[in-house]
Amino acid sequence: MINITFPDGAVRSYEKGTTALSIARSISEGLAKKVLAASVNGEVFDAHRPIEEDALLRLLTWNDAEAKSTFWHSTAHLLAEAVEAQFPGVKFWVGPAVEQGFYYDMDLGDKKMTEEDLAQLEKKMAALAQQDSPYQRIEIGKEEAIRFFTEKGDEYKLDLLQGLSDGEITFYKQGNFTDLCRGPHIPSTAPIKAIKLTSVAGAYWKGNEKNKMLTRVYGISFPNQKELDAYLLMLEEAKKRDHRKLGKELGIYTMDDDVGPGLPLWLPNGTVVIEELEQLAKETESAAGYKRVVTPHIAKESMYLTSGHLPYYADSMFPPMEMDGEKYYLKAMNCPHHHKIFDAEPKSYRELPFRIAEYGTCYRYEQSGELFGLMRVRCLHMNDAHIYCSKEQFFDEFKAVNEMYLKYFKIFGIDKYVMRLSLHDPEKLGQKYVNEPALWLETEAMVRKVLVETNTPFVEVQDEAAFYGPKIDVQIWSAIGREFTLATNQVDFNSGLKFKLSYTNKENTPEVPLIIHRAPLGTHERFIGFLLEHYAGKFPLWLAPVQVKVLPISDKFLDYAHQVQQLLKDAGIRAETDDRGEKIGKKIRDTELMKIPYMLVVGEKEMNEQQVAVRRQGKGDLGTQPIGEFVAMAKQEISSRKSE
RNA sequence: GCCGUUGUAGCUCAGUGGUAGAGCACUUCCUUGGUAAGGAAGAGGUCGUGAGUUCAAUUCUCAUCAACGGCUCCA
């Protein structure tokens, strides 16, 4: 007998070799039907895999994340079975569950899969699922496994087998499909009731672009149609928040073939947002002791050789222009220019920390396939600044930067993000990272200390650092689930040496400063792209391109409407008047759709009493008030940068 | 850059081997209307670009550019 401990602490005895499924059945038949897998001492087990020792058991149903992955991974096997039926000779690589659904990578030889095939495959999968085939776990020796896939001619599975040894190899079989797989799986195919294959894409074998490109089919599945429908609806809703769609609808930015890919043109509405953000940055940085600088958009090759950027990033810089035998590059980063500003005049320790800031325009030749709306562009405006300080000052400076981040995030109501401490990879010293092992460890410890001592939650990730030092990246997710770095805060122990920067310390000897690179608001492009999605286009009043729209009931009140608009403009409020010969209902509808925060409806009553009827976007009619009162209230809302 | 898909009016999209249509937006007129779409008329496109097949191409083929979904990458 073995003892099974349940999540509530209850302990019961069962026969050795019992299964999660029979334990569930001993509780209730209904529960047994819902069990998809089980967590046994923290490891996810097939529901009908024998349990051989005392265990902490958690029965997993659809509501558990582990069960969902298991469910989706099992659906991936079902997909493989269907593909094998329709594309004989197909070879499979791997088919894991992902955050939302699953994929399977496969080599179709000279055959091609198109999106039309997906509908056929879905049908086939649904038919296979109905057969209620059990997922059988088969423990198998390496030799026999190799024989199986040699006969099948699947070199990808053979490649996988190379990394495995006897005793850890299992096959899973359902219906006519057998796969090398460590599992776990759901008990049978029956619970897979609703399947959607979402896309077919290419993916490099083992994620390496030098390898062959395999065909990847993405999909998702659910235990009932209702949940699938809800999921598809959610995707539709997410698309409405896509910054590319909102950016067009709200007149924020546009792209033009003649200008070039990845080169956004900021329309008047977008430019307002840019200027408000810059104003915020200026105020914040000025209060924090930064000075502003302006630098050219180009520089000679020699500077990027000094900085070390060129060898690392030549491929992602625009090719140089040659003039008078000199090569000039468009700047892909502001750092070297700023270092030259530090170096322009001799520095004393008394002048440190030396903080200089610039919304710097940079150009990066991102690969064509990497461009993505405003989130990944070739011309960007970076909320950049560099802080030159001594080692002793580093902690306070880095901490202050971190606090500035949090202050900004509060203003924007950003709470879904992950702070990522990005570290180097010792194996790539001298290649991807400057070869200064001791300095790496020292600065990484310094950064970690700031995070720990300020109780900032963070995750550590290897091999994500800048080439010159560790950094903290703030990771966010776009409306459609893509991950981006919104902001970055980096330590640089290398550029000071390379640019021979120094200051005179108290002992009257030269010392190399540490450099902090920081961009809490990232770039205008990515930040505004993010904000569009974050606010679903409904900017807070202070950021809204048009803050107030005056809506006259009819053109008899146009003069009064213009008076109101002028009063608003005089108060520094961005206001427009809808002077079209439309009915008020139509004007309201259009203004609502443009997501303009305030509508002031004016007609006979308002005109006679010098009032305005206030309507808030999304909230409806707020009643009538004297125009002066509204102006004062709006000014207050704007100056406090309230996020509503 | 790689795999796949797409490209028709300002926007969203129909459609066809015989040189194109809808709704919204726009212009004009009628309506002067009180909190999410009043009515009518009009204007607007060499069907992404280039070449090929054909008597004839927006439609078929190829190339190219761009966008989209992924992969790779992201200072």
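Residue numbers start from 1 in every chain, and the chains themselves are labelled A, B, ... in the order their sequence lines are given, proteins ahead of strands. Everything numeric in this text was worked out from a predicted model, so none of it was measured. Keep in mind that the numbers below use all heavy atoms, side chains included, and drop hydrogens, waters and symmetry copies.
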Expressed in whole Å, how much space separates the [atom1] atoms belonging to [N] and [M]?
| N | M | atom1 | result |
| --- | --- | --- | --- |
| B:rU53 | B:rU59 | P | 15 Å |
| B:rG7 | B:rG44 | P | 26 Å |
| B:rC65 | B:rG48 | C1' | 8 Å |
| B:rG21 | B:rG45 | C1' | 11 Å |
| B:rC71 | B:rA63 | C1' | 25 Å |
| B:rU16 | B:rU61 | P | 15 Å |
| B:rA36 | B:rU31 | P | 25 Å |
| B:rG18 | B:rU58 | C1' | 12 Å |

Contact state string [[range], B base, S sugar-phosphate only, - no protein heavy atom under 4.0 Å]:
| range | value |
| --- | --- |
| nucleotides 70-75 of chain B | BBBBBB |
| nucleotides 29-34 of chain B | ---BBB |
| nucleotides 60-67 of chain B | ------SS |

Could you tell me whether [X] and [Y] have a side-chain N and a carboxylate O separated by less than 4.0 Å?
| X | Y | value |
| --- | --- | --- |
| A:E576 | A:K549 | yes |
| A:R355 | A:E397 | yes |
| A:K471 | A:D473 | yes |
| A:E366 | A:R376 | yes |
| A:D105 | A:R216 | yes |

Ring center gap for [X] and [Y] short of 6.0 angstrom:
| X | Y | result |
| --- | --- | --- |
| A:Y388 | A:H339 | yes |
| A:Y329 | A:H309 | no |
| A:H243 | A:F530 | no |
| A:F499 | A:F342 | no |
| A:Y156 | A:F92 | no |

Interatomic distance where [atom1] belongs to [X] and [atom2] belongs to [N] [whole Å]:
| X | N | atom1 | atom2 | answer |
| --- | --- | --- | --- | --- |
| A:K112 | B:rU5 | NZ | C1' | 12 Å |
| A:D578 | B:rA25 | CG | P | 12 Å |
| A:R589 | B:rA36 | CZ | C1' | 6 Å |
| A:K212 | B:rG1 | NZ | P | 22 Å |
| A:K239 | B:rC11 | NZ | P | 19 Å |
| A:K196 | B:rG69 | NZ | C1' | 14 Å |
| A:L250 | B:rC11 | CG | C1' | 13 Å |

Review item, side-chain donor-acceptor pairs of residues 615-623 of chain A, under 3.5 Å, at least two apart:
{"residue": "A:R615", "atom": "NE", "partner": "A:E592", "partner atom": "OE2", "Å": "2.9"}
{"residue": "A:R615", "atom": "NH2", "partner": "A:E592", "partner atom": "OE2", "Å": "3.0"}
{"residue": "A:R616", "atom": "NH1", "partner": "A:Y598", "partner atom": "OH", "Å": "3.0"}
{"residue": "A:R616", "atom": "NH1", "partner": "A:E637", "partner atom": "OE1", "Å": "3.4"}
{"residue": "A:R616", "atom": "NH1", "partner": "A:E637", "partner atom": "OE2", "Å": "2.8"}
{"residue": "A:Q617", "atom": "NE2", "partner": "A:E592", "partner atom": "O", "Å": "3.0"}
{"residue": "A:K619", "atom": "NZ", "partner": "A:E644", "partner atom": "OE2", "Å": "2.6"}
{"residue": "A:D621", "atom": "OD1", "partner": "A:G623", "partner atom": "N", "Å": "2.9"}

Notebook entry, point to check: Which string of ( ) [ ] | and . matches RNA chain B, if you list each base 5' to 3' and count Watson-Crick or G-U pairs only when both distances are under 3.5 Å?
Noted result: (((((((..((((....[..)))).(((((.......))))).....(((((..]....))))))))))))....
Margin query: Under 4.0 Å from OP1 or OP2 of B:rG38: is there any side-chain N or O of A:K586 that close?
Written below: no
Notebook entry, point to check: Under 4.5 Å between any side-chain heavy atoms of A:T443 and A:F394, yes or no?
Noted result: no
Note to self: Checking side-chain polar atoms at under 3.5 Å, does A:Y253 have a donor or acceptor matched by the opposite partner on A:N269?
What the structure shows: no
Next item on the list: Fit a plane to each ring of A:Y433 and A:W440, take the angle between them on a 0 to 90° scale, and name the class: parallel (under 30°), tilted (30 to 60°) or perpendicular (over 60°).
Entry: perpendicular
Next item on the list: Tell me, please, which residues at least two apart from A:F87 pass ring pair (Phe, Tyr, Trp, His ring centres under 6.0 Å).
Entry: none
Checklist line | Which residue lies more 5' along RNA chain B, comparing A:E592 with A:M113 via nearest heavy atoms | finding: A:M113
